[in-house]
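Throughout, a chain's letter reflects where its sequence line sits, starting with A, and its residues are numbered from 1. All of these numbers come straight from a predicted model, not from anything done at the bench.
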There are 2 protein chains.
Amino acid sequence: MSSTTSRHVDDLSVVKSVSLASALVREIERLILTGELEPGSRINEIHLANRFGTSRGPIREATRSLEAKGLVEVVRNRGVFVRRLSTEEAVEIYDVRSALFGQAGRLLAEHMTDEILARLTGFITDMDKLAESGEFDAYYPVNLAFHSFIVDSAGNKTLAAEYRRFVDKLHLFRARSLVQGGGLAVSNREHREMVDALASGDGERAFITHWRHVDRAKKRLLASIDPPPRRLSS
Amino acid sequence: MSSTTSRHVDDLSVVKSVSLASALVREIERLILTGELEPGSRINEIHLANRFGTSRGPIREATRSLEAKGLVEVVRNRGVFVRRLSTEEAVEIYDVRSALFGQAGRLLAEHMTDEILARLTGFITDMDKLAESGEFDAYYPVNLAFHSFIVDSAGNKTLAAEYRRFVDKLHLFRARSLVQGGGLAVSNREHREMVDALASGDGERAFITHWRHVDRAKKRLLASIDPPPRRLSS
DNA sequence: GATACGCCGATTGTTGACAGTATCATGCGT
DNA sequence: ACGCATGATACTGTCAACAATCGGCGTATC
């Protein structure tokens, strides 16, 4: 038996309680989301099979799963390719995400507790500190955790899973670095509005603030990618 | 214009342009959604393979796809089971659906055309007639088409695909007959409100009406399934 | 009579092999 | 030199066989 430290070695001999294909889904997903498999690149079944020490069967099952999740694209007789998101698709996803996140805000507002409120304000003060001292690299993961916490606390597992799926999918966008940016202090001002709305217990107000938060992120992305018709060179 | 009068015989020898597994996904999906494979029942790989004249490989790929879509559940060494939706899950899906449908309304309101408006009012007058004459069986498909048309016209393919997926998933709910019901005339009054909002071009107003339409359907479902604590028998 | 144990059939998990197809390189003709 | 036909090659699509596992049933024991 391998002494399995949880270092991510390409070895999944440990798992026997879960199907090999399921484990492969997670592993390949990780390869994609970490960028090891770049968007647009082709996935070679044999290479992956050798890498993970299995045959092609489970690999194929895993890729079909990832296809349904929208992370890869399967072309007959050509192979499977890591999905590459166009700007249009990224914008579409933002619109789906804002709808889901808004709904999460609405649901959460309707059954807030003091503990949840405390956690939320905790996130915000943390982010305020990091924003002031300009520690961008530290700000981003807290920001992510803040959003995740809201969605997870909303009490709708289906909604949470879908939201997470779309956030993951956005990693396939070519300029995903732009997604992360967008004004720390500005962003945190919106966070305060969101938490205030949640604390008030007003579902409608919570929806609006949460929806708008994501919608503004979409607009920032659009502005930075598709600069408003201004004479560029020429 | 679908001139494809595809009689559904269990034969997919025609298809060669698309992978066998993809075709199987559609076929099995159909079996599930038509109820031929009942929620909770187990899917036997060999039986399906014989039925479609293939080996188990493609069947397995297809079921993994369906698992990611949420239509079936795979238990290791036990087999795949058609998902059975609990009341809680059905409610969760309604909340996701209302969020997506509301967003579709918002998006559609922001780029309405006369043609779209004409189509929408057409649906409504059709449904009015059917509701008056009490032709329930004919009302339901038109109602479905009306909702699909809105979502498809919103101009967000991702949103449309997701919405459709959740509507399909609701078919796995044990009492899906209840989902369809819920007052014809009442429903159509809400439809009018929706179309009025769309015609006004007010995205916010369109969102509210569309969201509320689904949310009310959820409430009707809850009311009919979880009857207010009243002494039942005993 | 009830419970624990062990065998057996059925079904899934996984594998290696074979067939078909798209891509790429080579060589020929113009 | 360029374009096109042709063959080699690598990869995917599909299949049938082997191994592992689970649930049910009968039996034995207390």
In terms of side-chain heavy atoms, does Q103(B) have a donor or acceptor partner in S98(A) at a distance below 3.5 Å? yes
Side-chain atoms of E45(A) come closest, of dG13(D), dC11(D), dA22(C), to dG13(D)
Respond yes when some side-chain nitrogen or oxygen of R64(A) is under 4.0 Å from OP1 or OP2 of dG13(D), and no when none is. yes
Are the side chain of E92(B) and the backbone of K157(A) linked by a donor-acceptor contact shorter than 3.5 Å? yes
Pairs: protein N or O with nucleotides 15-20 of chain C N or O, under 3.5 Å:
residue	atom	partner	partner atom	Å
dT15(C)	OP2	S55(A)	N	2.9
dT15(C)	OP2	S55(A)	OG	3.0

Taking only side-chain N and O atoms of R76(A), does any of them lie within less than 4.0 angstrom of OP1 or OP2 on dG13(D)? no
Would you mind telling me which residue lines up with the more 5' stretch of DNA chain C, R78(B) or R78(A), judged by nearest nucleotide? R78(B)
At their closest point, which heavy atom of A109(A) faces which heavy atom of A206(A), and how far apart are they? CB-CB, 3.6 Å
Checking contacts here: which listed nucleotide (dT12(C), dC11(D), dC22(D)) is nearest the side-chain heavy atoms of N44(A)? dC11(D)
Would you say a side-chain N or O of R42(B) is under 4.0 Å from OP1 or OP2 of dT12(C)? yes
Ionic contact status for E73(B) with R84(B), cut-off 4.0 Å: no
I'd like to know if R164(A) and D168(A) make a salt bridge, using a cut-off of under 4.0 Å between side-chain N and carboxylate O. no
Using the side-chain heavy atoms of R60(B), tell me which of these nucleotides is nearest: dG13(C), dT14(D), dG23(D). dG13(C)
Scan I43(A) against the nucleic acid and name what it touches under 4.0 Å (heavy atoms): base, sugar-phosphate only, or nothing. sugar-phosphate
Residues at least two apart in sequence or cross-chain that pass ring pair (Phe, Tyr, Trp, His ring centres under 6.0 Å) with F101(B), listed by chain then number, are H147(B), Y163(B), H210(B)
Protein-nucleotide distance (F81(B), atom CZ; dC22(D), atom C1'), rounded to Å: 11 Å
Rounded distance in Å - CD1 (I59(B)) to P (dT11(C)): 15 Å
